[in-house]
Amino acid sequence: MSDLKRVLSEAVEAAFAELGLPPELGRVTASDRPDLADFQSNGALAAAKRVGKNPRELAAAVAERLAGDPRLAAVEIAGPGFINLKLTDAALSARAQQIAADPRLGAETVAEPRRVLVDYGGPNVAKPMHVGHLRASIIGEAIKRIYRFRGDEVLGDAHFGDWGYQMGLLIGAVMDEKPAVAAIVEALNAGETAETPEDVGAAFDTVSLADLDRLYPKAAAKGKTDTDYRDRARKITAALQDRQPGYFALWQRFRDVTQVALERDFHALGVDFDLWKGESDVEDLIDPMVAELDAKGLLVDDQGARIIRVSREGDKKQLPPLLVVSSEGSAMYGTTDLATILDRRKSFDPALIIYCVDQRQADHFEIVFRAAYLAGYAGEGSLEHVGFGTMNGTDGKPFKTREGGVLKLNDMIELTREKARERLHEAGLGENLPAEAFEDIAGKVAVAALKFADLQNFRGTSYVFDLDRFTSFEGKTGPYLLYQAVRVKSILRRAESEGVTPGPITISEPAERELTLTLDGFETALAEAYDKKAPNAVAEHAYRLSQAFSKFYAACPILQAEPAVRASRLALAATALAQLERALDVLGIAVPERM
RNA sequence: GCGCCCGUAGCUCAACCGGAUAGAGCACUCGCCUUCUAAGCGAGCGGUUGCAGGUUCGAGUCCUGCCGGGCGCGCCA
């Protein structure tokens, strides 16, 4: 079930081998000049260099051997020695038929499936997500789905930032503001059980995410200047880590309200985690881990702290060590990360962990990874940081709202959704749909707009956050892709109601050829996205497919055509739809039935 | 100071182990709805790929230097 690129590569490689040339040079790629050919091989040029012969002569010799291939309508030599291949309509028809019959729509699976864990780099408890969290969720989700579709066993972990000093600060701040909560916390801490669970619940229910969001910045600021306040927060933090019942119960409340809000935001974005692990989950592993690192002789005392040196011979720059235990005796950011690697090894035992986190953390991860390799907690190369660019405003500076604050993710989704409603109304669409169905469409259009705007860019480049562009629904946008898909669905519905059924695919028109060649490119796009952790390759494919379909739609009437052609085109349209929906699904974008 | 990333059309971005004429969208100009959804299709306009060298038959892509921008550089996460 190989794609044409592979099939043709094999043919050309065989011809190379017969001529005594390195077969791998015969590799075929999609043509850079669609006006001249469907596929090309540049191997004669490279081979000529190696064997010291004229590239055009070599190309001609290869072409001669390919000439009899019934799949090829033309084999031509062009320029300095490109071998141009043009397929027959019959070969394209066969390939289209093959993709149509394939549940995977022409995509391969990896030869040896692995266990892979995707770490989304952790939203923090008590902080609602803002636009800065958008990329990690969108890209992480796409990578998770790409890996899964390729056949790996993949888990996505939200990986909460839910432990440490920030929690102590917040507990103190909430108790200051809510005496009823403070009373219960203190009673529980004192071991009193007089309060019924209902009373506890009622008091804790008054603690909302909005409270946490409001109190945290104030508490953090106060902790920086007010030493007494800071000391108290540290004591609470220590007590929390000792599982003092009151603090622990309140902390759990923080975690719960945060998770509910996060789940809502993530769900609205079509992002779903398999694991809701957090820093607190590995807290118990830290002491034994430190002891073990010590026993392995990896820990070094330095300036009162305990560190692991990770610099290597040949490093271009001196990497700082991993700070395992601070001079105050507490575990650090990297310590938790290391313990998490250990934890994952014991539970899921992934062959690869992908950290989908801001590019700025590159050094941090390099340090943690090296420490993990040194400690034997992970195989060399089994940890990978997949970084992405930062989120900036159109002025190139970190994005801020007009008021100068951060834009909450939930607000941004709602903003985009509102724009989608407007456009639907303008176009007079969905007016006779129930309100619920209308909202579903608006939501899907909004998510498609947001996600595609992000995913069409290579993840590594910096990101310009432009709300106008995000809410533009024309051109190379998510809604364009949905629109194309929905147009096919509309045709399929009509065909069904008229009793028209799809039949064998016969390719003849240029638009049909182009659509088939584009369908064939799915495998290449997925393979690239997988290897490079680059979802934009799939996004690009989805866009090209939509464009190719749209041209086909304009050039080739389906339902009005004579029966055999109609059946063929209907099948081709259905196949394009299936692959487009699959590609979008892999990007985490859902398609409505109509719009 | 050291290190990493980036610099491509007016704007936002692509470009498959280095390959032919560097592609899309937006914006701008023009054409196309009595036939399957015009959030569409077609055509046009727009480039010395930051600069200077080097390697190569061939460089946006690899190497060196420079200019410009972003980020990071042990007791926050």
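Reckoned from all heavy atoms, side chains included, excluding hydrogens, waters and symmetry mates. First the proteins, then the strands, lettered A, B, ... as listed; each starts at 1.
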So that I know where these two stand, are A/F254 and A/Y216 an aromatic pair - ring centroids less than 6.0 Å apart?
no
Pair of N/O donor and acceptor under 3.5 Å linking B/A39 base with A/E426 side chain
no
On the 0 to 90° scale, with breaks at 30° and 60°, tag the A/H364-A/Y333 ring pair as parallel, tilted or perpendicular.
parallel
Sugar-phosphate, base or nothing in reach of A/I307, heavy atoms under 4.0 Å:
base
Could you pick out which residue, A/T29 or A/Y553, lies toward the 5' side of RNA chain B when each is mapped onto its nearest nucleotide?
A/T29
With a cut-off of less than 4.0 Å, is there a side-chain N or O of A/R544 near OP1 or OP2 of B/A14?
no
Would you tell me if any nitrogen or oxygen in the side chain of A/S490 comes within less than 4.0 Å of OP1 or OP2 on B/U37?
yes
Just compare B/A39, B/G40, B/G25 and give me whichever is closest to any side-chain atom of A/Q547.
B/G25
B/C76 -> Watson-Crick or G-U wobble partner, both distances under 3.5 Å, gives none
Whole angstrom value for the distance that separates P of B/G72 from CZ of A/F365
15 Å
Tell me whether the OP1 or OP2 atom of B/C57 has a side-chain N or O from A/K49 closer than 4.0 Å.
no
Ignoring hydrogens and angles, answer whether the base of B/C2 and the side-chain atoms of A/D315 contain a donor-acceptor pair closer than 3.5 Å.
no
Based on the glycosidic angle (syn within 90° of 0, else anti), state the conformation of B/C17.
anti
Find out whether the Lys NZ or Arg CZ of A/R255 is both under 6.0 angstrom from the six-membered ring centre of A/F160 and within 45° of the ring's axis.
no
Rounded to whole Å, please give me the gap between CZ in A/F388 and P in B/G70.
20 Å
Look at the side chain of A/D337 and the base of B/A77, then say whether one donor and one acceptor between them are separated by less than 3.5 Å.
no
Establish, with yes or no, whether the OP1 or OP2 oxygen of B/A39 is under 4.0 angstrom from a side-chain nitrogen or oxygen of A/Y483.
yes
Reckon A/V488 touches a base, only the sugar-phosphate, or nothing at all at heavy-atom distances under 4.0 Å?
nothing
Pair partner, B/A27 [Watson-Crick or wobble, under 3.5 Å]:
none
What's the closest nucleotide to the side chain of A/Y480 if the choices are B/C41, B/A24, B/U37?
B/C41
In terms of side-chain heavy atoms, does A/T471 have a donor or acceptor partner in A/R423 at a distance below 3.5 Å?
no
Please work out whether the ring planes of A/F452 and A/Y543 are parallel, tilted or perpendicular, with thresholds of 30° and 60°.
tilted
Here the pair of heavy atoms bringing A/T258 nearest to A/N124 is CG2-O, 3.9 Å
For a quick check of understanding: with a heavy-atom distance under 4.0 Å over all strands, which category does A/A78 fall into, base, sugar-phosphate or nothing?
base
Would you classify A/D358 as touching base, sugar-phosphate or nothing, given that sugar-phosphate means primed atoms plus P, OP1 and OP2, and contacts are heavy atoms under 4.0 Å?
nothing
Could you say whether A/R306 or A/F39 is positioned toward the 5' end of RNA chain B, judged by the nucleotide with the nearest heavy atom to each?
A/F39
Select base, sugar-phosphate, or nothing to describe what A/T461 touches, counting heavy atoms under 4.0 Å on all strands.
sugar-phosphate
Re B/A52: Watson-Crick or G-U wobble partner, both distances kept under 3.5 Å, found to be B/U64
Using a cut-off of 4.0 Å on non-hydrogen atoms, how would the nucleic acid contact of A/E279 be classed: base, sugar-phosphate, or nothing?
sugar-phosphate
In numerical order, the residues of residues 447-460 of chain A whose heavy atoms come under 4.0 Å of RNA chain B are A/N457, A/F458
How would you label the contact of A/L424 with the nucleic acid (heavy atoms, under 4.0 Å): base, sugar-phosphate, or nothing?
base
Whether A/S550 contacts B/G42 is assessed here as follows: a side-chain N or O lying under 4.0 Å from the phosphate OP1 or OP2. Is that the case?
no
So, A/Y543 and B/A24: ring centres less than 5.5 Å apart, planes less than 30° off, yes or no?
no
Counterpart base for B/A14, defined by Watson-Crick or G-U wobble contacts under 3.5 Å
none
Base B/G74 to side chain A/Q303, donor-acceptor N/O within 3.5 Å cut-off
yes
Start with the C-alpha gap between A/R6 and A/E13, add the side-chain angles, then the distance that decides, and say whether salt bridge (Lys or Arg N to Asp or Glu O under 4.0 Å) holds.
CA-CA 10 Å; A/R6 170 98 64 88; A/E13 283 163 7; over 6 Å; no
Just checking, any donor-acceptor pair under 3.5 angstrom between side chains of A/R544 and A/Q547?
no
B/A15, B/U12, B/U37: which one has an atom nearest the side-chain heavy atoms of A/V486?
B/U37
When both hydrogen-bonding distances must be under 3.5 Å and the geometry is Watson-Crick or G-U wobble, what is B/G40 paired with, if anything?
B/C32
To the nearest 0.5 Å, what is the distance between CG on A/L8 and CZ on A/R27?
13.0 Å
Does A/Q359 reach a base, just sugar-phosphate, or nothing at all? Heavy atoms under 4.0 Å.
nothing
Contact state string [nucleotides 46-51 of chain B, B base, S sugar-phosphate only, - no protein heavy atom under 4.0 Å]
------
Using a 4.0 Å heavy-atom cut-off across all strands, classify A/K317 as base, sugar-phosphate, or nothing.
base
By the 4.0 Å heavy-atom rule, please label A/K551 as base, sugar-phosphate, or nothing.
sugar-phosphate
Across all strands shown, which nucleotide pairs with B/A20 by Watson-Crick or G-U wobble geometry, both distances under 3.5 Å?
none
Per atom distances to the A/Q40 side chain, the nearest of B/A20, B/U37, B/G3 is B/A20
Complement of B/G3, any strand, by Watson-Crick or G-U distances under 3.5 angstrom
B/C71
Can we call the ring centroids of A/H425 and A/F438 under 6.0 Å apart?
yes
How is A/N42 classified with respect to the nucleic acid when contacts are heavy atoms under 4.0 Å: base, sugar-phosphate, or nothing?
base
